[in-house]
Amino acid sequence: MALRFERLHKHFVAEVCPVDLRRVDDPETLAEIRRGMDEHAILVFHDQPFTDDEHLAFAQRLDGALHTKLGSAAIQKNRFGNEALGDISNVGADGEILQQGDRRRAYGLGNRLWHTDASFQDPPGRYSMLSAKVVPRVAADTEYADMRAAYDALPQETKRQIEGLTVHHSIAYSRQVLGFEFSDDEQNMLKGAVHPLVRTIPRSNRKSLYVASHASRVMQWPVPEGRLLLRDLIEHATQPEFVYRHQWRVGDLVIWDNRCTMHRARSFEDTTHRRELRRVTTLDIPATV
Ligand code: OGA
Ligand code: MN
């Protein structure tokens with residue numbers, strides 16, 4: 001089946017049609033989607049009414065083994081009984097909307113910080129595939145930043161300065177910024193991971209900045225200088241020219257490459273409006289730092 005890729009942003013993101021991903025399992029179409037990911041870093045598919053099993057199966061057909069160590073596993077049992085199926089929603093196990101003061105809600109608010117999925121683990125996440133089930137009538141969008149275009153636009157001097165640096169990523173660090181506290185047991189499950197700051201993405205061979213709100217220190221630098229550098233890089237990469245904003249429709253599947261994009265949820269009245277999405281993320285290769 002020949003796919004059409006329509007670019008939605010100057011630097012990245014393409015909408016793909018016509019295709020029913022539940023039925024895609026021929027090597028040619030899967031290869032075409034992977035090539036699309038290499039080029040555009042984010043692909044948007046509308047009208048994909050996946051069941052959870054179909055979602056999990058498609059993710060493995062496209063990109064192999066699944067990530068099962070989501071940060072939320074340290075604080076609550078998975079609502080779906082499958083650690084590979086991420087619950088990106090504002091509802092609890094009883095189906096009720098989480099309210100102010102609820103610890104699960106406070107944890108979920110961390111998605112509003114710029115981040116890349118599971119960078120506090122090794123291996124981190126490679127492709128994330130987010131499927132929209134219930135979308136509020138108010139805007140509850142997700143923003144994405146192209147970390148390849150952001151890298152390309154850095155001054156030569158900065159590129160030289162950051163080459164070869166490695167960074168510790170910790171979810172305890174990023175959640176602390178919002179006042180969220182982990183117990184000692186939880187912290188023990190979430191020790192963080194070290195990854196290169198500049199990554200070369202296989203196949204496209206493009207360089208990318210690998211930073212996130214989880215990035216807590218530059219291993220080769222003193223803590224304050226490292227943190228300032230990381231802040232500067234995130235500020236640079238999230239300028240409007242590198243950012244795409246996705247407005248969700250029920251049935252959307254968005255696939256992003258965590259190695260070369262960051263994302264964040266935008267704020268909405270989440271204690272009033274129900275929003276339910278499910279995320280399946282594939283496993284990247286281990287860091288070689
Ligand atoms: C995610 C995520 C943002 C959102 O699914 O990994 O960060 O808008 N989602 O829900
Ligand atoms: Mn995320």
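Numbering starts at 1 and runs along the sequence shown. Ligands are counted one by one from 1 in listed order, and the atoms in each one are counted from 1 as well.
- The closest approach between Arg275 and ligand 1 falls below 4.0 Å for a heavy atom of the residue.
- Each protein N/O/S atom under 2.8 Å from the Mn ion (ligand 2) was counted, for a total of 3.
- Classified by interplanar angle (parallel below 30°, tilted 30° to 60°, perpendicular above 60°), the ring pair Tyr244/His246 is tilted.
- Among all non-hydrogen protein atoms, the one lying nearest atom 1 (C) of ligand 1 is Arg279 NH1, 3.4 Å.
- Each of Val254, Asp252, Ile255 was evaluated against Phe45; a single residue qualifies, Ile255, per the side chain to side chain contact (heavy atoms under 4.5 Å, CB included) test.
- Contacts between Trp256 and ligand 1 below 4.0 angstrom, taking non-hydrogen atoms only, involve the side chain exclusively.
- Using a non-hydrogen distance threshold of 4.0 Å, Leu130 registers as a contact of ligand 1.
- If you check the side chains of Thr166 and Gln220, you find a donor sitting under 3.5 Å from an acceptor.
- Using cut-offs of 30° and 60° on the angle between ring planes, the pair His273 and Phe268 is tilted.
- Using a 30° and 60° split on the angle between ring planes, Tyr210 and His169 fall in the tilted class, from 30° to 60°.
- Put simply, the side chain of Arg279 never gets that close to the backbone of Ile88: no donor and acceptor are under 3.5 Å apart.
- Gln60 CD: more than 12 foreign heavy atoms inside a 6.0 Å radius.
- Taking the charged nitrogens against the carboxylate oxygens, Arg175 and Glu186 have no contact shorter than 4.0 Å, which rules out a salt bridge.
- Ring planes of Phe242 and His236: tilted class, angle from 30 to 60°.
- Within ligand 1, the atoms closer than 4.0 Å to a non-hydrogen atom of His263 are 1 (C), 2 (C), 6 (O), 7 (O), numbered from 1 in the order shown.
- Close to ligand 1: His115, with a non-hydrogen atom less than 4.0 angstrom away.
- Proximity to Asn111 (heavy-atom distance under 4.0 Å) selects the following atoms of ligand 1: 2 (C), 7 (O).
- Here the protein heavy atom with the shortest distance to atom 3 (C) of ligand 1 is Ala265 CB, 3.7 Å.
- The CZ atom of Arg148 sits 4.5 Å away from atom CZ of Arg206, with the distance rounded to the nearest 0.5 Å.
- For atom 8 (O) of ligand 1, the nearest non-hydrogen atom of the protein is Thr142 OG1, 2.6 Å.
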Please determine whether side chain to side chain donor-acceptor pair (under 3.5 Å) holds for the pair His214 and Ser174, giving the CA-CA distance in whole Å, both sets of side-chain angles, and the decisive distance to 0.1 Å.
CA-CA 5 Å; His214 309 311; Ser174 58; 2.7 Å; yes

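- Close approach of ligand 1 to Asp117 (heavy-atom distance below 4.0 Å) involves ligand atoms 6 (O).
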